[in-house]
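Reading through the structure tokens given below for one structure.
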Amino acid sequence: MQTKIFKISADTPDVLAIHECASIIKEGGLVAFPTETVYGLGASATDENAAKKIYAAKGRPSDNPLIIHVASPDDASIYAYTNELYEKLAKAFMPGPLTVILKKKDIVPFEVTGGLDTVAVRCPAHSIALSLIEAAGVAIAAPSANLSGSPSPTRGSHVISDLDGIIDAIIDGGECEIGLESTIVKIEDNKLILLRPGAITADALRCVCENVEISSAVTEALAENEKPISPGMKYRHYAPAVPLILLEGENDTVMKFLHNAQNAERCAILCYHEELYKLRAERIIDIGSESDLQAQAQRLFAALRRVDELDCDVVYAHLPPKDGIGLALYNRLIRAAAHTVIHVNSSNIKHH
Ligand code: AMP
Ligand code: MG
């Protein structure tokens with residue numbers, strides 16, 4: 001398939017290109033588009049065949065549901081049963097990087113929800129995404145626009161390398177501002193269950209709803225045969241081709257560990273900006289300043305993709321803190337690492 005590629009600036013969206021892409025969506029085709037979180041692979045949210053095409057293009061298991069994207073928070077009620085807590089969340093955080101799970105209406109086919117009777121709804125804060133949804137006149141179902149298992153795309157070039165020749169069109173709108181996927185919450189009575197951490201933090205959610213429970217799957221590995229509330233949690237994700245190992249410990253001790261590692265093996269390192277001059281320059285990826293978790297979030301997926309271009313046998317990264325947006329970074333990295341963490345101390349530095 002010949003994929004049309006449109007390069008559009010978010011400041012002055014090209015109306016003709018947006019309309020051409022909207023027509024593709026209306027006719028049941030697939031269009032990848034930028035959002036403030038990551039790129040989405042979009043199709044009409046009311047078209048079951050279009051949803052099937054998304055799963056096929058990504059190689060995604062069909063029980064892993066899609067998020068539907070609406071042009072205005074009020075439009076959620078066309079597709080799902082909203083409630084008071086949804087309204088409060090919408091007022092506080094939408095448009096923005098928050099996805100809310102609600103009971104679905106019949107208009108949303110089960111192909112979109114992976115067979116569930118709930119649907120995930122989000123209103124993205126991105127001019128290209130919003131004008132595309134508006135022009136399509138229908139919500140757009142869109143998972144991240146990567147091949148299943150690989151890191152989510154945060155640049156047009158990532159989407160092109162994964163999906164060129166496989167989908168109808170790609171809108172390249174430059175780099176995503178946030179770089180990690182949306183926060184996902186499920187509303188249960190008057191409680192919010194945090195299923196996937198993102199840029200809207202648990203503390204921010206607590207300003208709207210006192211009762212926020214963080215699902216154990218955010219930080220822990222699922223037990224064998226355990227059924228997750230959010231099906232996507234059970235899949236291997238974001239992983240580079242070589243093993244990723246996370247390091248926890250004092251910065252000085254971790255640095256000694258990394259020096260030894262650079263001498264002993266062909267390793268790549270995702271390091272803090274401040275550490276660049278302390279390490280040998282080979283296979284080093286600057287992940288941003290240690291204190292700037294937002295910058296680290298924005299760069300993480302591009303860094304994980306870069307690892308695959310380096311000639312290495314293993315990659316090391318710091319274990320992020322679990323508070324604020326750190327929890328979102330922690331969640332993505334711990335899954336990319338398949339929960340492999342080394343607690344570095346003076347004894348295990350030596351026998352490395
Ligand atoms: P992606 O957009 O590729 O990051 O994937 C969307 C994620 O949203 C999925 O992996 C699911 O874990 C989650 N999700 C979507 N719909 C639902 C739902 N109805 N219930 C629970 N989780 C959902
Ligand atoms: Mg994804």
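The structure displayed is predicted, hence computed values, not measured ones. For reference, positions follow the sequence shown, starting with 1. In each ligand, atom 1 is the first atom listed, and ligand 1 is the first ligand listed. Note that these values count all heavy atoms, side chains included, but never hydrogens, waters or copies made by symmetry.
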Would T118 count as a polar contact of ligand 1, with the cut-off being nitrogen or oxygen pairs under 3.5 Å?
yes
Test of understanding: with ring-ring contact (aromatic ring centres under 6.0 Å, His included), list the residues that count as partners of Y330, not counting sequence neighbours.
none
Using a distance threshold of 2.8 Å, what protein N/O/S atoms lie below it relative to the Mg ion (ligand 2)?
S144 OG
Heavy atoms only: which of V38, V121, I101, V112 lies closest to atom 23 (C) of ligand 1?
I101
Would E309 and R306 satisfy salt bridge (Lys or Arg N to Asp or Glu O under 4.0 Å), going step by step from the backbone distance to the final call?
CA-CA 5 Å; E309 295 164 9; R306 175 88 185 102; 2.8 Å; yes
Going by atom types only, do T201 and R206 share a side-chain donor-acceptor pair under 3.5 Å?
no
Counting only pairs under 3.5 Å, give me each side-chain donor-acceptor contact of residues 89-107, with atom names and distances, residues two or more places apart or in other chains.
| unit_1 | atom_1 | unit_2 | atom_2 | d |
| --- | --- | --- | --- | --- |
| T99 | OG1 | S182 | OG | 2.7 |
| K104 | NZ | V108 | O | 2.6 |
| K105 | NZ | S77 | O | 2.6 |

Using a strict threshold of under 4.0 Å (side-chain N to carboxylate O), is an ion pair present between D162 and R305?
yes
For K186, is the nearest heavy atom under 4.0 Å from an atom of ligand 1?
no
Got an N/O contact under 3.5 Å between S144 and ligand 1?
yes
Please check if the side chain of T253 supplies one atom and the backbone of G249 the other of a donor-acceptor pair under 3.5 Å.
no
For Y272 together with H318, are the ring centres under 6.0 Å from each other?
yes
Within ligand 1, which atoms have a heavy atom of I67 less than 4.0 Å away?
2 (O), 6 (C), 8 (O)
Not counting sequence neighbours, which residues clear side chain to side chain contact (heavy atoms under 4.5 Å, CB included) with R280? List them please.
Q262, N263, E282
What atoms in ligand 1 come closer than 4.0 Å to a heavy atom of L116?
18 (C), 19 (N), 20 (N)
Please determine if R266 and D311 form a salt bridge, counting it only when a charged side-chain N lies under 4.0 Å from a carboxylate O.
yes
What class does the angle between the rings of F257 and Y316 fall in, given that below 30° is parallel, 30 to 60° is tilted and above 60° is perpendicular?
perpendicular
Any side-chain to backbone donor/acceptor pair from D286 onto G288? Under 3.5 Å, distance only.
yes
For ligand 1, which atoms, with element, lie under 4.0 Å from some heavy atom of N64?
9 (C), 10 (O), 11 (C)
Contact between K104 and ligand 1, counting heavy atoms under 4.0 Å?
no
Ligand 1 contacted by T113 (non-hydrogen, < 4.0 Å):
no
Can you tell which part of R60 has a heavy atom less than 4.0 Å from ligand 1: side chain, backbone, both or neither?
side chain
Quick one: does ligand 1 sit under 4.0 Å from the side chain of I184, the backbone, both or neither, non-hydrogen atoms only?
side chain
